[in-house]
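Structure record follows, encoded as structure tokens.
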Amino acid sequence: MLFLRGTNNRYRVADEDDVIFEAIQIYNRTFSKGEPLTNPDKAKDCIKLKLAPFEYEVFLCLFLDNQHRVIACEELFRGTIDGASVYPREVVKAALQHNSAALILAHNHPSGISEPSQADKVITEKLKAALALIDIRVLDHFIVGETVYSFAEHGLL
């Protein structure tokens, strides 16, 4: 059970709306401009919060400066229940528009299975190669399902 302190300094039981409101506040603080992402678990938790509710695939990028501070978190592509088309040209274009030095890729699997498909591995390599040409590092690629899969943690980056 979660309790919140009200305006009269008395505690009350939080309802679902309170919990969702607080989760959004935490998400916004974590991904606010200038916030450094120094802990992969922090990024994972917030990306899961962002992507878990979708019933279709969503691909997003966290654009970071050279100190790994958040510049922007942007949804770039939407797909269907089992896939989304991701275009390296558009990712590169967005990274340049944000003047990124690094980025984190993320997408969800509405099936709940967070293991990467062969297509996920191929597009990650294409994006990594395309971004490397313009000196932008891909720090990780997260897949959100029941759990969050990290390409970096599994040695795939």
Side-chain angles (χ1 to χ4, degrees), residues 16 19-157:
E16 285 183 8
V19 173
I20 290 169
F21 176 80
E22 290 303 320
I24 290 169
Q25 296 304 316
I26 292 167
Y27 177 85
N28 288 338
R29 276 195 309 274
T30 301
F31 288 140
S32 64
K33 190 172 181 172
E35 183 72 25
L37 284 181
T38 55
N39 180 344
D41 289 332
K42 182 178 178 182
K44 265 192 211 179
D45 290 343
C46 288
I47 287 171
K48 184 170 185 172
L49 178 66
K50 174 82 171 169
L51 292 176
F54 292 113
E55 295 178 356
Y56 49 87
E57 276 201 22
V58 173
F59 184 93
L60 63 81
C61 288
L62 276 173
F63 300 100
L64 309 170
D65 67 13
N66 60 356
Q67 301 296 313
H68 300 165
R69 291 177 299 210
V70 176
I71 297 169
C73 177
E74 190 174 315
E75 180 184 313
L76 295 179
F77 308 103
R78 284 185 181 204
T80 61
I81 60 169
D82 62 354
S85 295
V86 176
Y87 301 98
R89 172 186 167 84
E90 294 303 314
V91 175
V92 168
K93 186 170 130 182
L96 288 171
Q97 285 173 334
H98 289 295
N99 200 26
S100 301
L103 56 81
I104 295 173
L105 311 169
H107 76 281
N108 64 320
H109 281 176
S111 67
I113 299 167
S114 57
E115 290 292 317
S117 66
Q118 189 58 36
D120 293 334
K121 292 175 184 176
V122 168
I123 195 62
T124 302
E125 282 304 313
K126 282 184 181 179
L127 290 169
K128 185 178 166 189
L131 291 158
L133 291 172
I134 54 172
D135 296 323
I136 297 176
R137 291 183 51 224
V138 175
L139 301 179
D140 210 334
H141 183 169
F142 295 125
I143 300 176
V144 176
E146 295 285 327
T147 60
V148 180
Y149 184 95
S150 163
F151 276 63
E153 286 177 1
H154 288 88
L156 296 177
L157 277 181

> What do the steps show when you test Tyr149 against His109 for side chain to side chain contact (heavy atoms under 4.5 Å, CB included), and what is the final call?
Replying inline: CA-CA 10 Å; Tyr149 184 95; His109 281 176; over 6 Å; no
Just by distance, do the side chain of [X] and the backbone of [Y] share a donor-acceptor pair under 3.5 Å?
X	Y	value
Asp65	Ala101	no
Asp140	Ile104	no
Lys48	Glu146	yes

>> Side chains of Asp120 and His107: any donor to acceptor distance under 3.5 Å?
In response: yes
> So, do Arg137 and His68 sit near enough that their side-chain heavy atoms are less than 4.5 Å apart?
Replying inline: yes
> Do Leu64 and Val70 have side chains that get closer than 4.5 Å, going by heavy atoms?
Replying inline: yes
Taking all heavy atoms of [X] and all of [Y], pick out the closest pair and write down the distance.
X	Y	answer
Glu57	Ala84	OE1-N, 3.5 Å
Cys73	Leu60	SG-CD1, 4.0 Å
Leu103	Ala95	CD2-CB, 4.0 Å
Leu157	Thr124	CD2-CG2, 3.7 Å

>> Suppose we screen for side chain to side chain donor-acceptor pair (under 3.5 Å). Which residues come up paired with Asp82, at least two apart in sequence or across chains?
In response: Thr80
>> Rounded to the nearest 0.5 Å, what separates atom CD in Glu75 from atom CZ in Phe54?
In response: 5.0 Å
> Rounded to the nearest 0.5 Å, what separation is found between the CG atom of Asp45 and the CZ atom of Phe142?
Replying inline: 9.5 Å
